[in-house]
Amino acid sequence: MEEPVPETNLPAWWRPLSRLHHRWVEKHVVPAEKAAAELGIDFNALAIRKALGYQRWTYLRRLRGLAIFFGALALFALVTRPATCRPGGLLTTDQARCPTYNEYVFGPSTDPWVSITPTLGALALLWIISAWRGENIPRLYKPLYPLLILLTASVDLIAMDGGRYTKATRLSAKAAELGLPLRTMARNAASDFGNRRVLRKRLLSHAELVETAVMQAADGLVHDRTASARKIGTLAGLIAGNIADGRFTQILPPAEPPEEAAIAPDRLDGGRLAKACLCSAITVTAFALLLAGLGTPVELLVPLAVVAFVVTAYVLLGLWYGLAEATRLTRSLMSFFSASPPF
């Protein structure tokens with residue numbers, strides 16, 4: 001049974017979002033602290049709690065993209081309205097009057113607050129949900145949650161007598177999911193500290209070393225679950241402490257080098273390509289249906305869709321994994337469109 005969070009550690013009652021955030025953090029830190037004590041490893045819970053502290057500005061930073069979208073929409077309305085401001089023009093409300101900006105953006109005879117109010121309500125609800133799930137933290141500390149979960153799951157496997165196979169497979173899956181948060185953290189750190197090429201390369205290389213070390217420990221779950229789980233838990237606690245202390249280039253100390261520095265499994269590349277291709281296919285299909293409804297001929301839609309599919313997949317890969325990785329993966333994708341596909 002999970003122990004309740006001590007009321008003395010909670011923020012004041014007039015900070016409800018911070019209280020929600022604090023409870024979520026404690027649900028992860030307290031079990032991880034107990035797991036670290038059972039493993040006998042040094043676990044800086046104070047630094048981790050400080051790193052996972054509530055930051056109001058992180059949610060406001062997310063709204064920046066939405067503000068840019070609405071700004072672009074307003075600019076589009078400002079630029080295109082003169083073309084419709086004529087009798088019989090597109091979206092004119094009648095033959096003698098041009099539409100106002102509100103009518104042009106929200107539709108004729110529509111109260112703007114009918115659209116604005118639900119949007120503001122949804123944003124407020126998302127703010128509450130983000131606080132409840134402990135998401136309002138600096139982006140460099142995002143890997144701490146999966147690391148704490150990995151540490152707790154490792155000790156649960158060691159202490160469990162029955163059902164160890166299922167627990168071991170779940171622990172291996174949690175270890176495999178750690179790579180993407182680490183690489184994302186490395187890219188964000190490089191961006192925050194100047195986005196220099198040498199720094200980005202160094203951070204990404206170190207993140208791959210950390211991912212390799214964790215995956216090598218997870219591979220040992222096949223033959224020695226207890227020792228491998230202990231190794232995974234030890235690594236998770238060590239990595240979490242180093243990230244919380246801001247040692248982004250020393251997440252894995254020299255005393256814990258992996259046996260192999262390179263990590264490029266086919267299943268990882270296949271998962272990345274599958275995710276990007278699926279999102280690209282959904283996006284291109286939606287736009288193709290929209291263009292078809294506007295009367296675009298099929299002869300133009302088909303080649304346009306093929307080109308848009310590849311370009312969209314490349315853009316998504318670039319956003320998620322960086323330009324170098326996107327270029328490498330897109331070359332594999334383009335081989336299917338070549339004259340001699342690799343069948």
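Just the heavy atoms: all of them, side chains too, but no hydrogens, waters or symmetry mates, feed the values below. Just so we're clear, the structure is a prediction, and the values are computed from it rather than from any experiment.
Taking every heavy atom of both residues into account, L221 and A229 meet most closely at CD2-N, 3.9 Å. The shortest heavy-atom contact between P31 and T152 is C-OG1, 3.7 Å. The two residues I48 and A240 come nearest to each other via the heavy atoms CD1-CB, 4.1 Å. Residues T58 and P138 share a closest heavy-atom pair of CG2-N, 4.0 Å. Closest of all the heavy-atom pairs between A189 and L203 is CB-CD1, 3.8 Å. Residues A51 and I137 approach most closely at O-CB, 4.4 Å, considering heavy atoms.
Remark: side-chain polar atoms of S130 are paired, donor with acceptor, to backbone N or O of L126 under 3.5 angstrom. No donor-acceptor pair closer than 3.5 Å links the side chain of T312 to the backbone N or O of F309. Checked by atom type and distance alone, the side chain of N188 pairs as donor or acceptor with a backbone atom of T184 at under 3.5 Å. Side-chain atoms of S172 never come within 3.5 Å of backbone atoms of A168 as a donor-acceptor pair (strictly under, hydrogens ignored). Panel note: side chain T285, backbone I282; no donor-acceptor pair is recorded below 3.5 Å. Within the 3.5 Å criterion, the main-chain N or O of A218 finds no donor-acceptor partner in the side chain of K231. Checked by atom type and distance alone, the side chain of S191 never pairs as donor or acceptor with a backbone atom of R187 at under 3.5 Å. Under a 3.5 Å cut-off, the side chain of H206 and the backbone N or O of I251 do form a donor-acceptor pair.
Shown here is R56, whose CZ atom has no more than 12 heavy atoms of other residues, nucleotides or ligands within 6.0 Å. Within a 6.0 Å sphere centred on CG of L125, heavy atoms belonging to other residues, nucleotides or ligands number more than 12. Within a 6.0 Å radius of CZ in R202, other residues, nucleotides and ligands contribute 12 heavy atoms or fewer.
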I'd like to know whether H28 forms a side-chain contact (heavy atoms from CB on, under 4.5 Å) with I149, so could you lay out the CA-CA distance, the side-chain angles of the two residues, the decisive distance to 0.1 Å, and finally the verdict. CA-CA 7 Å; H28 289 78; I149 293 173; 3.7 Å; yes

Stepwise, does the salt bridge (charged side-chain N to carboxylate O under 4.0 Å, His left out) test hold for E211 with R183? CA-CA 9 Å; E211 181 184 4; R183 290 189 298 273; 2.5 Å; yes

Kindly determine whether H22 and R49 satisfy side-chain contact (heavy atoms from CB on, under 4.5 Å), including the steps that lead there. CA-CA 9 Å; H22 181 88; R49 284 188 172 93; 5.8 Å; no

Derivation of the side-chain contact (heavy atoms from CB on, under 4.5 Å) call for L150 and I239: CA-CA 11 Å; L150 191 62; I239 294 168; over 6 Å; no

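Residues L151 and L147 fail the side-chain proximity criterion, which asks for heavy atoms closer than 4.5 Å. L52 is listed as a side-chain neighbour of Y145, based on a closest heavy-atom distance under 4.5 Å. Two residues are said to be in side-chain contact when any heavy atoms from C-beta on lie closer than 4.5 Å; I158 and L39 meet this criterion. With contacts defined as side-chain heavy-atom distances shorter than 4.5 Å, the pair W57/N136 does not qualify. Here the side chains of W132 and R23 are not in contact, with every heavy-atom distance at 4.5 Å or above.
Considering CG of L157 and CD1 of I232, their distance stands at 8.0 Å, rounded to 0.5 Å. Here CG of L17 is found 11.5 Å from CD1 of I129. Values are rounded to the nearest 0.5 Å. With values rounded to the nearest 0.5 angstrom, F248 atom CZ is found 6.5 Å from M185 atom CE. Atom-to-atom distance recorded for R230:CZ and I41:CD1 is 10.0 Å, nearest 0.5 angstrom. For the atom pair CG (D156) and CD (E38), the distance works out to 8.5 Å, reported to the nearest 0.5 Å. For the atom pair NZ (K174) and CD (E177), the distance works out to 7.5 Å, reported to the nearest 0.5 Å.
Using bins of under 30°, 30° to 60° and over 60° for the plane-to-plane angle, the ring pair Y59/W127 lands in the parallel bin.
Note on L123 and I128: same hydrophobic cluster, where clusters join Ile, Leu, Val, Met, Phe, Trp and Tyr whose side-chain heavy atoms are under 4.5 Å apart, directly or indirectly. L278 and V310 are assigned to two separate hydrophobic clusters, defined by single-linkage of ILVMFWY side chains at heavy-atom distances under 4.5 Å.
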